[in-house]
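Here's the structure, in structure tokens; my notes come after.
Quick note: residue numbers are just sequence positions, from 1. All ligand and atom numbering here is 1-based and tracks the order in the structure.
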Amino acid sequence: MDFKNLLNRIYAEIKSSKWEDGNLPDYIPELKHINPDKFGMSLITLDGKNYGVGDFQEKFSLQSIAKVFAFTLVYKDLGGKVFERVGVEPSGNPFNSLIQLEQERGFPRNPLINAGALVVCDMIIENFDTPEKTLFDFIRKIARNSSIDYNSSVYQSEKNAGHRNRAMIHLMKSFGTIKNDTDKVLDLYFKLCSLEMNTEELSQTFLLYANEGKIYGSDERILTKSQTKRTNAIMQTCGFYDEAGEFTFRVGLPGKSGVGGGIAAVHPGKYAVATWSPLLNKKGNSVAGMKALELLTTKSGWSVF
Ligand code: GLN
């Protein structure tokens, strides 16, 4: 597959389109100042080829994409016991919805909606003596990059403005599904969401999910083959919230989005890909990113389906 040519064609098509229907996320003030014209895309294959176009070396806020790494850490550590605290069903609701959580007595549908990621952070605090260090060291390890960190202005901004996440964690606490101090859990969650990478670093990290659970380049196993299949299944069915069906229909790869405008996806056994474009549709997913990935699987004729 000539990915170099393919990415250049996608870049030209994205750059010549107008994305008038997208918006920046205004509920996290720090993310409102990002240049909406940015677009970067990286693709790294399991046979060692690395392609990038546009702003692929500029860091952006991973937001909900980082939930996949926190889930991976607890899944590696606790195995199937994780699912006693969080489900594997798509929510069909916005990522920060409270309605279903009340109806289902504080048990989150899956680890990729906010409520589920808060429970995952609660489990990290419960299971590790130095939760923040363990989580970030783990992410640096799977990224094979010791410089990866969170952005402290984005973290502060979310901490000051995170009213819905506060409402959600208190609702869960009232049902007994959060074990630790709510401020401690929120703090870890906001730091997780403020993680920064560029699309090249993000696709390098996501190679884990394309590589049967082994860190690409070191071959150290993080997840078993079966756990990797299941993590990818959760991304496929839940990674885009109430647009998971649309992403599967148009793109056909397991992936995860974030309100920082990023999307990461994998074709197991072949490659990992990441896009960044800040303007979001009404479901909180990057408009140009979804289009770029749709072009990738359509033009290449490769998807998991
Ligand atoms: N930090 C954001 C929040 O908690 C993450 C949401 C997202 O990226 N979809 O709302």
Side-chain angles (χ1 to χ4, degrees), residues 22-34 59-71 86 90-101 108-122 124 135 139 150-172 178 182-197 199 202 206 234-235 237-244 246-247 255-265 274-290:
N23 287 300
L24 290 167
D26 53 7
Y27 76 104
I28 303 175
E30 195 63 22
L31 297 182
K32 269 195 312 205
H33 313 304
I34 312 289
K59 290 196 190 269
F60 61 95
S61 191
L62 289 199
Q63 295 296 319
S64 285
I65 300 172
K67 292 170 181 171
V68 180
F69 307 142
F71 171 72
V86 64
S91 66
N93 273 300
F95 57 83
N96 54 8
S97 170
L98 286 148
I99 296 171
Q100 199 169 49
L101 198 56
R109 281 265 173 134
N110 66 69
L112 302 181
I113 49 174
N114 290 16
L118 286 163
V119 165
V120 165
C121 286
D122 190 42
I124 293 175
L135 175 61
I139 296 170
Y150 68 90
N151 178 304
S152 45
S153 320
V154 175
Y155 157 67
Q156 275 305 334
S157 184
E158 271 214 77
K159 197 173 164 134
N160 297 340
H163 304 299
R164 253 179 185 271
N165 287 320
R166 273 198 185 87
M168 209 172 287
I169 201 165
H170 284 286
L171 183 61
M172 287 192 285
I178 291 285
T182 52
D183 283 338
K184 262 199 201 154
V185 180
L186 281 170
D187 201 64
L188 188 64
Y189 173 81
F190 291 141
K191 283 180 180 156
L192 174 71
C193 291
S194 309
L195 191 73
E196 279 190 325
M197 286 189 194
T199 58
L202 182 56
F206 259 67
I234 295 171
M235 283 200 255
T237 52
C238 312
F240 295 76
Y241 325 109
D242 43 344
E243 208 169 37
E246 178 83 10
F247 187 80
K256 184 74 203 85
S257 63
V259 293
I263 299 179
T275 57
W276 173 49
S277 170
L279 292 179
L280 308 177
N281 64 21
K282 290 199 169 60
K283 313 276 175 156
N285 298 319
S286 168
V287 182
M290 278 183 68

**Message:** Checking the side chain of Lys256 only, and the main-chain atoms of Met235 only, is there a donor and an acceptor separated by less than 3.5 Å?
**Reply:**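 Looks like no, no N/O pair under 3.5 Å.
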
**Message:** What I want to check is whether the side chains of Tyr241 and Asn285 have a donor and an acceptor closer together than 3.5 Å.
**Reply:**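 Tyr241 vs Asn285: no donor-acceptor pair found between side chains.
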
**Request:** Please list all pairs passing the salt bridge (charged side-chain N to carboxylate O under 4.0 Å, His left out) test where one or both residues lie in residues 113-122, with sequence neighbours left out.
**Result:**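 Qualifying pairs: Arg85-Asp122.
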
Can you pull every nitrogen or oxygen pair between ligand 1 and the protein closer than 3.5 angstrom?
unit_1: ligand 1; atom_1: 1 (N); unit_2: Gln63; atom_2: OE1; d: 2.5
unit_1: ligand 1; atom_1: 1 (N); unit_2: Glu158; atom_2: OE1; d: 2.7
unit_1: ligand 1; atom_1: 1 (N); unit_2: Glu158; atom_2: OE2; d: 3.1
unit_1: ligand 1; atom_1: 4 (O); unit_2: Asn114; atom_2: ND2; d: 3.1
unit_1: ligand 1; atom_1: 4 (O); unit_2: Asn165; atom_2: ND2; d: 2.8
unit_1: ligand 1; atom_1: 4 (O); unit_2: Tyr189; atom_2: OH; d: 2.7
unit_1: ligand 1; atom_1: 8 (O); unit_2: Ser64; atom_2: N; d: 3.0
unit_1: ligand 1; atom_1: 8 (O); unit_2: Ser64; atom_2: OG; d: 2.7
unit_1: ligand 1; atom_1: 8 (O); unit_2: Val259; atom_2: N; d: 2.8
unit_1: ligand 1; atom_1: 9 (N); unit_2: Ser64; atom_2: OG; d: 3.0
unit_1: ligand 1; atom_1: 9 (N); unit_2: Tyr241; atom_2: OH; d: 3.1
unit_1: ligand 1; atom_1: 10 (O); unit_2: Tyr27; atom_2: OH; d: 2.6
unit_1: ligand 1; atom_1: 10 (O); unit_2: Asn114; atom_2: ND2; d: 3.1

**Asked** Looking at residues at least two apart in the chain, or sitting in another chain, which of them share a salt bridge (Lys or Arg N to Asp or Glu O under 4.0 Å) with Asp187?
**Response**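 With neighbours one apart ignored, the set is Lys159, Lys191.
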
**Item:** Ser61: side chain to side chain contact (heavy atoms under 4.5 Å, CB included) partners, not counting sequence neighbours
**Value:**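 Scan of Ser61 (side chain to side chain contact (heavy atoms under 4.5 Å, CB included), adjacent residues dropped) gives Leu31, Gln63, Val154.
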
**Message:** Testing the basics here: between Ile178 and Leu118, what is the closest heavy-atom pair and its distance to 0.1 Å?
**Reply:**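 Shortest heavy-atom contact: CD1-O, 4.1 Å.
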
